[in-house]
Engineer: 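Take this structure, written in structure tokens, and hold onto it; I'll ask about it next.
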Amino acid sequence: MTGGERRIDLEPGWLAELAPEFEQPYMQELRAFLLAEKRRGAQIYPEAANWFAAFHATPFDKVKVVILGQDPYHGPGQAHGLCFSVLPDVPPPPSLLNIFAELQRDLGLPRPPHGCLTQWAAQGVLLLNSVLTVERGKAASHQGKGWERFTDRVVEVLNARREHLVFMLWGSYAERKGRIVDRDRHLVLVSPHPSPLSAYRGFIGNAHFSSANRYLEQQGAGPVDWGPGAY
């Protein structure tokens, strides 16, 4: 698949699992849609080079934890290909601040100095949005164009080909997307979304970070360092 004139490829482990998807008609239709959007002058976030950033940041055979988001941030300079994450010089959005609040409540960790989660990704936390692109200022503008089918396949191959992963499903959208996950092979953690509209209806207090680490340690995988030192 290409973004404009730039060819976008995947980390080799992911490519081995997902290469057939790029030949499917729905992906060709998605590519045509994105090219048409660029030709009409639409500003698409993140930049094309970062559409598959989550897969490069977390190789297939290194995944320990999967956090499912919905769409990239649609404000200037925010989205860089990892769900919930922003680059270090960008103020953390409200949902990310609530994630940090739960980390403090759950693990006693102070708020990190910025909102870039690349070191979570480097430790095996796949930060995956369901839809990998969005038009500037238009939330959900690229829903229903094919990305959801592609990321459903991502969840399917992780469920089938890996064992003892942790899936964090925050909000009804992520919960629906994760219904195919085999609860006998993986740990599935479900709670409301960290959005300010729902965080205090059960996201704050969900203890997902400590629960994930206990499970990973029980499986001999080693815990994730969720603390400020990991940023």
Engineer: If only atom types and distance count, is the side chain of S85 paired as donor or acceptor with the main-chain N or O of L82 below 3.5 Å?
Structural biologist: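 Here the side-chain-to-backbone pair does not exist.
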Engineer: Work out which heavy atom in G202 is nearest to a heavy atom in P192; give both atom names and the distance.
Structural biologist: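 What the structure gives for the nearest pair is C-CD, 3.6 Å.
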Engineer: Do L128 and C83 have side chains that get closer than 4.5 Å, going by heavy atoms?
Structural biologist: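 A side-chain contact is absent here, since even the closest heavy-atom pair is not under 4.5 Å.
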Engineer: Between K64 and A221, is there a donor-acceptor pair closer than 3.5 Å when you use the side chain of the first and the backbone of the second?
Structural biologist: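 Here the side-chain-to-backbone pair exists.
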Engineer: Looking at CZ of R149 and CD of E156, how far apart are the two atoms once the value is rounded to the nearest 0.5 Å?
Structural biologist: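 Answer rounded to 0.5 Å: 9.5 Å.
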Engineer: Say you draw a straight line from CD of E37 to NZ of K145; how long is it, rounded to the nearest 0.5 Å?
Structural biologist: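 Answer rounded to 0.5 Å: 7.5 Å.
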Engineer: Can you tell me if E47 has over 12 outside heavy atoms packed within less than 6.0 Å of its CD?
Structural biologist: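 For E47, atom CD is not crowded (no more than 12 foreign heavy atoms under 6.0 Å).
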Engineer: Transitively linked via ILVMFWY side-chain contacts under 4.5 Å: L87 with V134?
Structural biologist: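 No.
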Engineer: Would you say the ring centroid of F150 lies under 6.0 angstrom from that of F22?
Structural biologist: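 Ring centres of F22 and F150 closer than 6.0 Å.
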Engineer: Do any N or O atoms from the side chain of E11 and from the backbone of G13 form a donor-acceptor pair under 3.5 angstrom?
Structural biologist: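 Yes; judged by distance alone, with no hydrogens or angles, the pair exists.
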Engineer: Are any of the side-chain heavy atoms of T151 and N129 separated by less than 4.5 Å?
Structural biologist: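 A side-chain contact is absent here, since even the closest heavy-atom pair is not under 4.5 Å.
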Engineer: Counting only N and O atoms by type, is there a donor-acceptor contact under 3.5 Å from the side chain of R111 to the main-chain atoms of L97?
Structural biologist: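 Such a contact is absent between R111 side chain and L97 backbone.
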Engineer: Provide the closest heavy-atom pair for N98 versus P194 in the form atom of the first, atom of the second, distance.
Structural biologist: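 Closest heavy-atom pair between N98 and P194: ND2-O, 2.7 Å.
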Engineer: Give me the atom names and distance for the closest heavy-atom approach of L187 to S211.
Structural biologist: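 The pair with the smallest heavy-atom distance is CD2-O, 4.0 Å.
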Engineer: Verify salt bridge (Lys or Arg N to Asp or Glu O under 4.0 Å) between R214 and E217, making sure each step is shown before the conclusion.
Structural biologist: CA-CA 5 Å; R214 279 195 302 273; E217 289 184 294; over 6 Å; no
Engineer: Quick one: are W226 and I99 in side-chain contact, heavy atoms under 4.5 Å?
Structural biologist: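 No; the side chains remain at least 4.5 Å from each other.
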Engineer: Among the clusters formed by ILVMFWY side chains lying less than 4.5 Å apart, do F55 and Y45 turn up in the same one?
Structural biologist: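 No.
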Engineer: I'd like to know if the side chain of R185 and the backbone of N159 have a donor-acceptor N/O pair within less than 3.5 Å.
Structural biologist: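 A pair under 3.5 Å: yes.
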Engineer: To the nearest 0.5 Å, how far apart are CZ in F52 and CG in L10?
Structural biologist: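 Those atoms lie 6.0 Å apart.
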Engineer: Do W14 and H56 come within less than 4.5 Å of each other through their side chains, counting heavy atoms only?
Structural biologist: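 Side chain of W14 against side chain of H56, heavy atoms only: no contact under 4.5 Å found.
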Engineer: Can you check whether L96 reaches L117 side chain to side chain, under 4.5 Å on heavy atoms?
Structural biologist: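 In short, these two side chains touch, coming nearer than 4.5 Å.
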Engineer: Given 3.5 Å as the limit, does a donor-acceptor pair link the side chain of D106 with the main chain of S210, or not?
Structural biologist: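 Flag set: sc D106 to bb S210 pair under 3.5 Å.
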Engineer: Could you measure the distance from the CD atom of E102 to the CG atom of N206? Nearest 0.5 Å is fine.
Structural biologist: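 If we round to the nearest 0.5 Å, E102:CD and N206:CG are 4.5 Å apart.
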Engineer: Indicate yes or no for a side-chain donor-acceptor contact from R162 to the backbone of V63 under 3.5 Å, with no hydrogens or angles considered.
Structural biologist: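 Yes; judged by distance alone, with no hydrogens or angles, the pair exists.
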Engineer: Determine, step by step, whether V66 and V155 satisfy the side chain to side chain contact (heavy atoms under 4.5 Å, CB included) criterion, reporting the C-alpha distance in whole Å, the side-chain angles of both residues, the deciding distance to 0.1 Å, and the verdict.
Structural biologist: CA-CA 9 Å; V66 182; V155 176; 5.7 Å; no
Engineer: Just so I know, are the side chains of V188 and L169 near enough to count as touching, which here means a heavy-atom distance under 4.5 Å?
Structural biologist: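 SC-SC contact between V188 and L169 confirmed.
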Engineer: Report yes or no: does S191 contribute a side-chain atom to a donor-acceptor pair with the main-chain N or O of F203 at less than 3.5 Å?
Structural biologist: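 No, the answer is negative, given that no donor and acceptor are paired below the 3.5 Å cut-off.
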Engineer: Distance alone, cut at 3.5 Å: any donor-acceptor contact between the side chains of H193 and S198?
Structural biologist: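 Looking only at side-chain atoms, S198 and H193 do not form any donor-acceptor pair under 3.5 Å.
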Engineer: Mark yes when over 12 heavy atoms from residues, nucleotides or ligands other than Y200 sit less than 6.0 Å from its OH; otherwise mark no.
Structural biologist: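 No, OH of Y200 has 12 or fewer neighbouring heavy atoms, counting only those of other groups under 6.0 Å.
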Engineer: Does a donor on one side chain sit under 3.5 Å from an acceptor on the other, for Q143 and D71?
Structural biologist: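 Yes - a donor-acceptor pair under 3.5 Å links their side chains.
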Engineer: Grab the two heavy atoms, one from G146 and one from Y26, that are nearest each other, plus how far apart they are.
Structural biologist: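 Here G146 and Y26 meet closest at O-CE1, 3.4 Å.
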Engineer: Between F209 and L109, does the side chain to side chain contact (heavy atoms under 4.5 Å, CB included) criterion hold? Intermediate values first, please.
Structural biologist: CA-CA 11 Å; F209 301 102; L109 300 173; over 6 Å; no
Engineer: Taking atom CD of Q218 and atom NE2 of H164, what is their separation to the nearest 0.5 Å?
Structural biologist: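 Nearest 0.5 Å value for the CD-NE2 distance: 11.0 Å.
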Engineer: Would you please classify the geometry between the W120 ring and the F100 ring as parallel, tilted or perpendicular, with 30° and 60° separating the classes?
Structural biologist: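 F100 and W120: perpendicular rings.
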Engineer: Do T133 and W51 meet the criterion of a side-chain donor-acceptor pair at a distance under 3.5 Å?
Structural biologist: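 No pair is found: no donor N or O on one side chain lies under 3.5 Å from an acceptor on the other.
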Engineer: Step through it carefully: locate the ring centre of F84, locate the ring centre of W170, and say whether they are under 6.0 Å apart.
Structural biologist: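 Under 6.0 Å, so yes.
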Engineer: Can you check whether E148's main-chain N or O pairs, donor with acceptor, with K177's side chain at less than 3.5 Å?
Structural biologist: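 Yes; judged by distance alone, with no hydrogens or angles, the pair exists.
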Engineer: Between T58 and V125, is there a side-chain heavy-atom distance shorter than 4.5 Å?
Structural biologist: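 A side-chain contact is absent here, since even the closest heavy-atom pair is not under 4.5 Å.
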Engineer: Kindly indicate, with the supporting measurements, whether the criterion side chain to side chain contact (heavy atoms under 4.5 Å, CB included) is fulfilled by T118 and H80.
Structural biologist: CA-CA 10 Å; T118 54; H80 68 111; 4.0 Å; yes
Engineer: Quick check against the 3.5 Å criterion: does E135 have a side-chain atom that pairs as donor or acceptor with the backbone of Q43?
Structural biologist: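 Not at all, since once roles are kept as given, no pair shorter than 3.5 Å links the two residues.
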Engineer: Can you tell if the side chain of L158 reaches within under 4.5 Å of the side chain of L126, non-hydrogen atoms only?
Structural biologist: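 With C-beta onward as the side chain, the pair touches.
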Engineer: To the nearest 0.5 Å, how far apart are CD in Q24 and CG in L30?
Structural biologist: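 CG of L30 is found 13.0 Å from CD of Q24.
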